[in-house]
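We use all heavy atoms of the structure for the numbers below, so side chains are in, but hydrogens, waters and symmetry mates are not.
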Amino acid sequence: MIYLNNAATTYPKPQCVLDAHAAALLNPPASQFRSSGTIGKGDVFTQCREKLGRLLGIADAGRIFFSSGATDSINRILGGLDLSGMQIMTTQTEHNSVLRPLMNNNDRIGQSTIIPCDSFGRVDIAALEAAMQRGRGLVIINHCSNVTGMIQDLEQIGVLAQKYHCILMADVSQSAGCIPIHADAWGIDILVFTGHKSLFGVQGTGGYYVSRKLSLRPVMYGGTGRDSSQPTYENGDYEYEVGTQNAPGIAALSAGLAYIEERGLQEIQKKEQQLMKQLYRSLEQQESIQLYGNAENNQGPVMSFNIKGMSPSDVAYILQNGYDIVVRTGLHCAPMIHAALGTGTAGTVRISISDLSQEQDIMELTKAVNQICRATVTGQQGETSNETGR
């Protein structure tokens, strides 16, 4: 099997991740702040936080909190921020993990301003700045599109957010682990990540960073193991990690981060961009293929295309059952960007790679897609000939 759906979940995982996950289940359970077994040494939670801080450019790693993933994190953040009197700005490129919490809480959050993007998925910076000028607010933007692989200029957006006194929240679910991120340098106030994509962790892991300038009112309450003396929080000194945490998952995530550190983020990005360039060059030669981006503009490890005259779902079915190649089709949980792409309700065929993808995978995919294109053209010509014969 050739697996090219890494924007959903990376597969395969590095062996060190599998080993760490298994070891966490085979050995006595680790519990943050609750076990004497961690006294005198850094527990896996602290170690993982420190690695995340180095990778994401966050000096205050103690303000990184774990959750079950990006969706969980975003709902906690939007449920916990005091948004009274603030305007909310987000973009046409966002995932439903952002759009749905915003659109289904209008009574508390209010209406959101949606900043448009172009046909590559690039956010309109001028429109974003114009929205910021209308008053202090919260800007929510993803770093790398899960549909087109467009990387937004978070450094420039961070400068604008500081200029207009806006809170900047970045969703790095698609970029963490494969694209450089400098959260502190870019002025990011809130950062959301998930563990099961390019960080090579398992499903059900992720988290978020919140600057000490901000305080979130928790949407969940419970035991933390840190301070059990008071049932109420005082002076807004809230706890954000309650209940028993996913220790085996955090151990696996920590191992994935160790893999990235040893491999080198720049090397991962270099390899993935080379594979994506090869993929773009191969597919753009086919006249019957519509690409939604190009190697110069769309530099993330994700790309979308369609074959003219075929539905995305039919293309995926043939790839899966005829060639044993796994891709993804549809709207990819990001419905608004498809208006900019002109892909309607059917969406696109999405290819997404990881550092463990190989050049041979791209060659086999290209060969399969070219064969499908030729068969489609032949079939269309046959239909035209039959119609003429009638």
Side-chain angles (χ1 to χ4, degrees), residues 1-14 17-18 69-71 93 95-97 121 142-151 171-179 193-206 252 256 268-269 271-273 275-276 278-280 282-283 289 291-293 298-307 310-335 337-338 341 343 346-369 372:
M1 179 185 72
I2 296 174
Y3 182 85
L4 295 171
N5 188 25
N6 291 278
T9 297
T10 47
Y11 173 85
K13 304 294 185 185
V17 172
L18 305 180
T71 299
T93 72
H95 191 275
N96 270 337
S97 57
N142 70 53
H143 188 202
C144 177
S145 169
N146 73 316
V147 179
T148 69
M150 173 59 68
I151 302 171
D171 178 356
V172 301
S173 295
Q174 293 296 334
S175 57
C178 62
I179 297 167
F193 64 93
T194 198
H196 64 105
K197 301 182 191 292
S198 290
L199 296 180
F200 293 111
V202 297
Q203 293 166 321
T205 59
I268 291 174
Q269 184 183 32
K271 175 185 176 179
E272 291 184 350
Q273 288 187 341
L275 290 178
M276 293 306 295
Q278 177 184 343
L279 180 58
Y280 273 112
S282 299
L283 295 186
I289 290 180
L291 289 172
Y292 302 99
N298 304 74
Q299 297 192 4
V302 181
M303 67 106 78
S304 279
F305 74 93
N306 276 320
I307 297 178
M310 292 188 69
S311 70
S313 57
D314 285 346
V315 174
Y317 181 86
I318 296 170
L319 287 172
Q320 172 79 67
N321 295 281
Y323 300 91
D324 203 19
I325 299 174
V326 178
V327 298
R328 182 154 179 172
T329 66
L331 302 180
H332 316 298
C333 299
I337 193 174
H338 293 277
L341 303 183
T343 48
T348 66
V349 180
R350 185 182 73 184
I351 309 298
S352 52
I353 64 172
S354 83
D355 184 52
L356 298 185
S357 300
Q358 301 299 322
E359 184 178 359
Q360 186 64 30
D361 299 336
I362 301 302
M363 293 172 63
E364 291 296 325
L365 171 71
T366 300
K367 179 181 177 182
V369 171
I372 295 170

Exercise for review: Report yes or no: does T93 contribute a side-chain atom to a donor-acceptor pair with the main-chain N or O of G121 at less than 3.5 Å?
Suggested key: no

Practice item. Using the test ring-ring contact (aromatic ring centres under 6.0 Å, His included), find all partners of Y292 that sit at least two apart in sequence or belong to another chain. Key: none

Check your understanding: Is a side-chain N or O of Q358 found less than 3.5 angstrom from the main chain of L356, in a donor-acceptor match?
Key -> yes

Review point. Which heavy atom of T329 sits nearest a heavy atom of P312, and at what distance?
Key: CG2-O, 3.2 Å

**Study point:** Donor-acceptor contact below 3.5 Å, side chain N146 vs main chain Q174
**Key:** no

Study note, to complete from the structure: Correct closest heavy-atom pair for G347 and N306 would be O-ND2, 3.0 Å

**Study point:** For C178 against E272, the heavy-atom pair lying closest together
**Key:** CB-OE1, 3.2 Å

Check your understanding: Is the backbone N or O of R328 less than 3.5 Å from a side-chain atom of N5, with the two atoms forming a donor-acceptor pair by type?
Key -> no

Practice item. May I have the step-by-step check of side-chain hydrogen bond (donor to acceptor under 3.5 Å, both in side chains) for N142 and S173, ending in yes or no? Key: CA-CA 8 Å; N142 70 53; S173 295; over 6 Å; no

Revision key, fill the gap. Closest heavy-atom pair, M276 versus G300, reported as atoms and distance to 0.1 Å, is CG-O, 3.8 Å

Check your understanding: Do L319 and L365 have side chains that get closer than 4.5 Å, going by heavy atoms?
Key -> yes

**Study point:** Partner set under ring-ring contact (aromatic ring centres under 6.0 Å, His included) for Y3, not counting sequence neighbours
**Key:** Y11

Check your understanding: What is the distance from atom CD1 of I179 to atom SG of C144, rounded to the nearest 0.5 Å?
Key -> 4.0 Å

Practice item. Look at the side chain of T10 and the backbone N and O of H196, then say whether any donor-acceptor pair between them is shorter than 3.5 Å. Key: yes

Point to revise | From OG (S304) to CE (M150), nearest 0.5 Å | key: 12.5 Å

Study note, to complete from the structure: Heavy atoms of V326 and Q320 approach each other most closely as CG2-OE1, 3.6 Å

Practice item. Mind checking the OG-CD spacing from S175 to Q269? Nearest 0.5 Å is all I need. Key: 10.0 Å

Check your understanding: Step by step, would you call V327 with R350 a side chain to side chain contact (heavy atoms under 4.5 Å, CB included)?
Key -> CA-CA 6 Å; V327 298; R350 185 182 73 184; over 6 Å; no

Practice item. Taking the side chain as every heavy atom from C-beta outward, state whether L4 and I325 have any pair of such atoms under 4.5 Å apart. Key: yes

**Study point:** Side-chain donor-acceptor pair present, H95, T71, cut-off under 3.5 Å
**Key:** no

Point to revise | Trace of the side chain to side chain contact (heavy atoms under 4.5 Å, CB included) decision for V147 with H338 | key: CA-CA 9 Å; V147 179; H338 293 277; 4.1 Å; yes

Review point. Are any side-chain N or O atoms of K197 and backbone N or O atoms of N6, one a donor and one an acceptor, separated by less than 3.5 Å?
Key: no

Review point. Are the side chains of N298 and M303 in touch, meaning some heavy atoms are under 4.5 Å apart?
Key: no

Review point. Are any of the side-chain heavy atoms of V349 and I307 separated by less than 4.5 Å?
Key: no

Review point. Quick one: CD1 on I2 to CD1 on I353, what's the gap to the nearest 0.5 Å?
Key: 13.0 Å

Point to revise | Heavy-atom closest pair, residues I337 and S145 | key: CD1-OG, 3.8 Å

Check your understanding: Do D355 and K271 come within less than 4.5 Å of each other through their side chains, counting heavy atoms only?
Key -> yes

Exercise for review: Calculate, to the nearest 0.5 Å, the distance between atoms CG and NE2 belonging to N96 and H332 respectively.
Suggested key: 12.5 Å

**Study point:** T194 side, atom OG1; L199 side, atom CG - distance, nearest 0.5 Å
**Key:** 8.0 Å

